Amino acid sequence: MKIASWNVNSLSVRLEQVIDWLNQSQVDVLCLQELKMETHKFPEEAFKAIGYHAVWSGQKTYNGVAILSRTPLANVQINNPLYDDEQQRLIAADVGTGEQLVRVIGVYCPNGSSLDSDKFIYKMAWFDALNQYVREQLQQYPALVLTGDFNIAPEDRDVHAKYSGDVLISPAERKQFQGLLALGMKDSFRLFEQAEKSFSWWDYRQFGFKRNAGLRIDHLLLSDALANKCTASVIDKAPRANERPSDHTPVIVELAM
DNA sequence: ATGGCGGTGGGGCACCGA
């Protein structure tokens, strides 16, 4: 079973790329972020045509999340029930049944803007509530995936040397990431040996991708039960070389199930 | 230091992202 996540930075612009990538990668589940599209405009038929069910929640211009799956999705949760939020940043659903049941939580975590901003306060509160939700979900679902754009680079090795920002790498944000791991979640990428300077996002400006001036901020976190079944966790850089690429590229886990 | 680039809405250019 392959599960992936991709911040597409506008699904309208990237739909063809997503379809192509699904056909090529053959993942079973794909979480999407930054649809930047109203709910009623979601291209459900385009995904159905290539064999994917979908659940989603959109909004105009900003945010918006979806889960695509080859098998039907059940028990859909839109937004964190523990956090009143107008911004559409979280969607969860069951994939599979019985022994194969996996709970998938797809997230587009707030950016935070700068450490002294109201948006940073929102980011911290949002993560506090996410931690609480994941804690609850783990009690209900031993097989849990938390994936998406976390907007946190967990360690220095997840940050290119010239990065000059403070947000995405601050101790407060990294503490939030560690807080999720403290619940028992594992950063699947670090279960395996990886190339140095592996990133999932590159700045559009200054030839960021060409210079590999990136950050690893898109993650696949697995509960213990799934970490034990994880056989690979990779970043697929290929779509970043497309014409009009998203600034993020997909991340994928393989589970022996 | 600032802005670089790209998407959106709306029909300029400001806002936002990371």
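This is a predicted model, so every value here is computed, not measured. In what follows, chains are A, B, ... by sequence order, proteins preceding strands, each numbered from 1.
Here B:dG4 presents its P atom at 15 Å from CZ of A:Arg211, a figure rounded to the nearest Å. One can place CD of A:Glu34 at 13 Å from C1' of B:dC15, the figure rounded to the nearest angstrom. Here the C1' atom of nucleotide B:dG7 and the CD atom of A:Glu243 are 17 Å apart, to the nearest Å. Nucleotide B:dC5 holds its P atom 13 Å from the OH atom of A:Tyr204, rounded to whole Å. For the pair A:Arg89 CZ and B:dC16 P, the interatomic distance rounds to 12 Å; values are reported in whole Å. Look at CG on A:Asp218: it is 11 Å from C1' on B:dA18, rounded to the nearest Å. Summarising the geometry, the separation between CG on A:Asp247 and P on B:dC16 is reported as 17 Å, rounded to the nearest angstrom. The distance from atom CD of A:Gln206 to atom P of B:dT2 is 15 Å, rounded to the nearest whole Å.
Straight-line distance between the P atoms of B:dG10 and B:dG6: roughly 23 Å, to the nearest whole Å. Annotation: B:dC15 and B:dG4 have their P atoms spaced 15 Å apart (nearest Å). Separation of the P atoms belonging to B:dA1 and B:dG12 is 35 Å when rounded to the nearest angstrom. Rounded to the nearest Å, the gap between the P atom of B:dC13 and that of B:dT2 is 23 Å.
A:Phe207 CZ: 12 or fewer foreign heavy atoms inside a 6.0 Å radius.
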Taking N or O atoms only and anything under 3.5 Å, show me the protein contacts with nucleotides 8-10 of chain B, one pair per line.
residue, atom, partner, partner atom, Å
B:dT8, OP1, A:Ser10, OG, 2.5
B:dT8, O3', A:Thr61, OG1, 3.4

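Both A:Tyr163 and A:Arg14 lie close to DNA chain B; mapped to their nearest nucleotides by heavy-atom distance, the more 5′-ward contact belongs to A:Arg14. Between A:Asn151 and A:Pro245, the residue anchored nearer the 5' end of DNA chain B, judged by the nucleotide with its closest heavy atom, is A:Pro245.
For the residue pair A:Asp236/A:Trp21, the side-chain donor-acceptor check at 3.5 Å is satisfied.
Of the options A:Ile169, A:Asp158, A:Leu168, a side chain to side chain contact (heavy atoms under 4.5 Å, CB included) to A:Arg174 is made by A:Ile169 and by none of the others. Checked options A:Leu73, A:Asp28, A:Val145; the residue passing with A:Val95 is A:Leu73 (criterion: side chain to side chain contact (heavy atoms under 4.5 Å, CB included)).
Formation of a donor-acceptor pair under 3.5 Å by the A:Tyr204 side chain with backbone atoms of A:Asp247 is found in this model.
Proximity of A:His248 to the phosphate of B:dA18: a side-chain N or O atom is located under 4.0 Å from OP1 or OP2. Between A:Asn7 and B:dA18 there is a side-chain N or O to OP1 or OP2 distance below 4.0 Å.
Contacts of A:Lys119 with the nucleic acid, taken as non-hydrogen atoms under 4.0 Å apart, involve only primed sugar atoms and P, OP1 or OP2.
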